[in-house]
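Worth knowing before you read on, the calculation uses all heavy atoms, side chains too, and leaves out hydrogens, waters and symmetry mates.
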Amino acid sequence: MAGRYRVTVNGWWCRAQSKDDALQGDGKGDEVFISVNTKTFDKDGTLVGIGLDSDSEVMGDTWRLPNRVKAGQADGPNGMGGILSGDRFPATLEPWNTQGRLNSSRVPPYVIWEGDVTDDRATFLTPTIWEWDPGNATYDAFIDWLLKTDNTYGQRAKEIFGGIWPVAKPVFDAVSLGIQTVGSLSGIWTLFGTAASRPIGIKRDPANADNDAYTFNAQTIALTSDTAELLSSWNQNGLGQGIMELKYADDPYLKGVYSIFVQVQKIGGVGVPDVKLQPGWRWCSACQGLFFGELQADSACPAGGPHTPQSTSHSGMYSIPLYAEPSEQRQEGWAWCNKCQGLFWGNAVAQSSCPEGGTHTHPDLSGSGRYSLFHNATGSPARQDDWRWCSACQGLFFNGGNSQQGSVCPAGGPHRPVEATRSGNYSLPHRPAA
């Protein structure tokens, strides 16, 4: 049955710690992250869409590594983390149960895909869990392998639509397609082998005498109008409706065994769900930034004084999603600063710059709502494209018509160019000035 569905990674369970660097250079115990590859095919097996890979934050030991997310008890129950056998994330007895809570950042429980499932499309999601080490050789090889599997996955889509592959088997592995990953990683089977991130679930390749050869059998979830309905109602593992356990087990030498808990939920009929919007936002012609126009007199512009009023700038009316449901098309984590009235990336408040001096006010102190912005989303005539994030101030500015060159950043000079920041394309619901 066609409808709108959401897929989440609810958590994971370290059933057995992996063989770690003997010197623990990457931190105590294991450090892991989750990676999800997404591809969509039509009935003919033609690739019609590739989703953004939903790599999570690295979880584990946080000692001297503040950008990580604390996970595990290698450093004791009140320590800095590090994953041992038996540790779970989130650290509850039931890491598969979200209890109705989802994170806006890429930390379980979080959304890995949301969209319409129709009668003529199949979406394949491949969630994997990786033991982190400084080095990307295996990760790059795996992504390269995924890029080369389009024809094979497309054939599976044709088999599903043609009734050759049973709907009752919506989760399949790479072996069933005859395309399991085969590669080599220098020294992987030795005590002091070359460090590199690797997927949990590596096995020795029995067909290759090279001691460094390995295989990896990724698991994929197929979402069609039939399988999505089935998966969202399943309780196959007894964990709850729509929840499944994907288990990855290493070769005995590497030891690691991890379970990822994924949930498929139906959240409505076909179509974009209602999004709550807060109107009143305006563009400032002096700095090219966005600010809350209802409090223009109390605002601060990096070009000096308050932001330009609408009567002078002739700005249209912008509306920003506020307390909206998580969505694949929107990026959460944006916040309002009560000092300058601007919008900024709240997850990096410590690295931000405010026109009033110092950093923007922390969202927990300003009383800011939870904002989300359409990010690399499907185009819409109701939204204005080419708004960009500035890495120097963490703010948002308009880049249309190369206006970046005439912008003013609170950190000094113009806002940073897209070529330097690699900012995605933000699109804001917009009504032009009368």
Side-chain angles (χ1 to χ4, degrees), residues 6-7 33-40 48-58 67 102-107 110-115 123 125 143 146-147 272 275 277-278 281 283 287-291 318-322 324-337 342-349 351-353 360 363 368 370-405 407 409-411 414-430:
R6 176 184 300 149
V7 184
F33 66 94
I34 291 168
S35 182
V36 184
N37 182 268
T38 306
K39 296 181 179 182
T40 300
V48 294
I50 299 177
L52 298 175
D53 290 324
S54 300
D55 286 2
S56 73
E57 303 293 339
V58 176
N67 292 326
L102 291 175
N103 287 319
S104 59
S105 55
R106 291 182 173 182
V107 179
Y110 72 111
V111 177
I112 59 173
W113 184 85
E114 181 180 312
T123 296
L125 294 97
I143 296 301
L146 283 168
L147 293 174
V272 178
V275 177
L277 299 174
Q278 183 187 65
W281 292 83
W283 160 76
C287 68
Q288 301 299 325
L290 186 77
F291 69 98
Y318 295 90
S319 300
I320 309 299
L322 177 65
E325 289 291 319
S327 168
E328 186 185 43
Q329 295 204 59
R330 293 192 308 278
Q331 182 187 70
E332 296 199 14
W334 290 84
W336 160 78
C337 175
L343 193 74
F344 71 99
W345 177 237
N347 291 346
V349 62
Q351 289 78 47
S352 68
S353 292
H360 289 295
S368 171
R370 177 169 55 84
Y371 295 95
S372 58
L373 299 181
F374 287 94
H375 179 242
N376 295 334
T378 304
S380 168
R383 299 197 303 270
Q384 183 184 68
D385 287 333
D386 214 5
W387 285 83
R388 305 289 178 166
W389 160 77
C390 174
S391 58
C393 67
Q394 303 301 323
L396 195 72
F397 70 95
F398 184 58
N399 193 52
N402 208 22
S403 57
Q404 174 268 334
Q405 295 181 3
S407 68
C409 175
H415 287 293
R416 303 307 179 259
V418 176
E419 296 76 24
T421 65
R422 297 184 179 180
S423 168
N425 176 31
Y426 295 92
S427 53
L428 307 184
H430 174 247

Legend entry - Side-chain ion pair, R383 and D385, N-O less than 4.0 Å: no

Inset, instruction - For residues H430 and P381, determine if any side-chain heavy atom of one lies less than 4.5 Å from a side-chain heavy atom of the other. - result: no

Inset, instruction - Could you tell me which non-hydrogen atom of P363 sits nearest to which non-hydrogen atom of A335, and how far apart they are? - result: CG-CB, 3.6 Å

Legend entry - Heavy-atom closest pair, residues R388 and G424: NH1-O, 3.1 Å

Legend entry - pair I320-L290: side-chain heavy atoms closer than 4.5 Å: yes

Legend entry - Check: S353 side chain, C393 main-chain N or O, donor-acceptor pair, under 3.5 Å: no

Inset, instruction - Can you sort out the partners of N103 under side-chain hydrogen bond (donor to acceptor under 3.5 Å, both in side chains), two or more places apart, ordered by chain and number? - result: none

Inset, instruction - Taking ring pair (Phe, Tyr, Trp, His ring centres under 6.0 Å) as the test, write out the residues that go with Y371, two or more places apart. - result: W281

Legend entry - Within-4.5 Å side-chain heavy-atom neighbours: V36 and V7: no

Inset, instruction - Nearest 0.5 Å please: distance from the OG atom of S391 over to the NE2 atom of H415. - result: 11.0 Å

Inset, instruction - Starting at OG of S352, measure out to NE2 of H360 and round the result to the nearest 0.5 Å. - result: 5.0 Å

Legend entry - Validation row: F374, P429 side chains within 4.5 angstrom (heavy atoms): yes

Inset, instruction - For N376 and N425, indicate whether the former's side chain and the latter's backbone hold a donor-acceptor pair under 3.5 Å. - result: yes

Inset, instruction - Provide the closest heavy-atom pair for Y110 versus S105 in the form atom of the first, atom of the second, distance. - result: CB-O, 3.5 Å

Inset, instruction - With rounding to the nearest 0.5 Å, note down the distance linking CD in Q394 to CG in N347. - result: 9.5 Å

Legend entry - S423 side chain vs W389 backbone, donor-acceptor pair below 3.5 Å: yes

Inset, instruction - Not counting sequence neighbours, which residues clear side-chain hydrogen bond (donor to acceptor under 3.5 Å, both in side chains) with S372? List them please. - result: R330

Legend entry - Residues that W334 engages under ring pair (Phe, Tyr, Trp, His ring centres under 6.0 Å), provided they are two or more places apart: W345, Y426

Legend entry - D55 CG to N37 CG distance, which is reported to the nearest 0.5 Å: 10.0 Å

Inset, instruction - Please assess L343 against L373 for the test side chain to side chain contact (heavy atoms under 4.5 Å, CB included), listing each intermediate value before the final yes or no. - result: CA-CA 11 Å; L343 193 74; L373 299 181; 4.0 Å; yes

Inset, instruction - For R6, enumerate each residue passing the salt bridge (Lys or Arg N to Asp or Glu O under 4.0 Å) test, keeping only those at least two apart in sequence or located in another chain. - result: E114, E325

Legend entry - Residues that F398 engages under ring pair (Phe, Tyr, Trp, His ring centres under 6.0 Å), provided they are two or more places apart: W387

Inset, instruction - Identify the heavy atoms of S319 and L277 that sit nearest to each other, and give their distance. - result: CB-CB, 3.9 Å

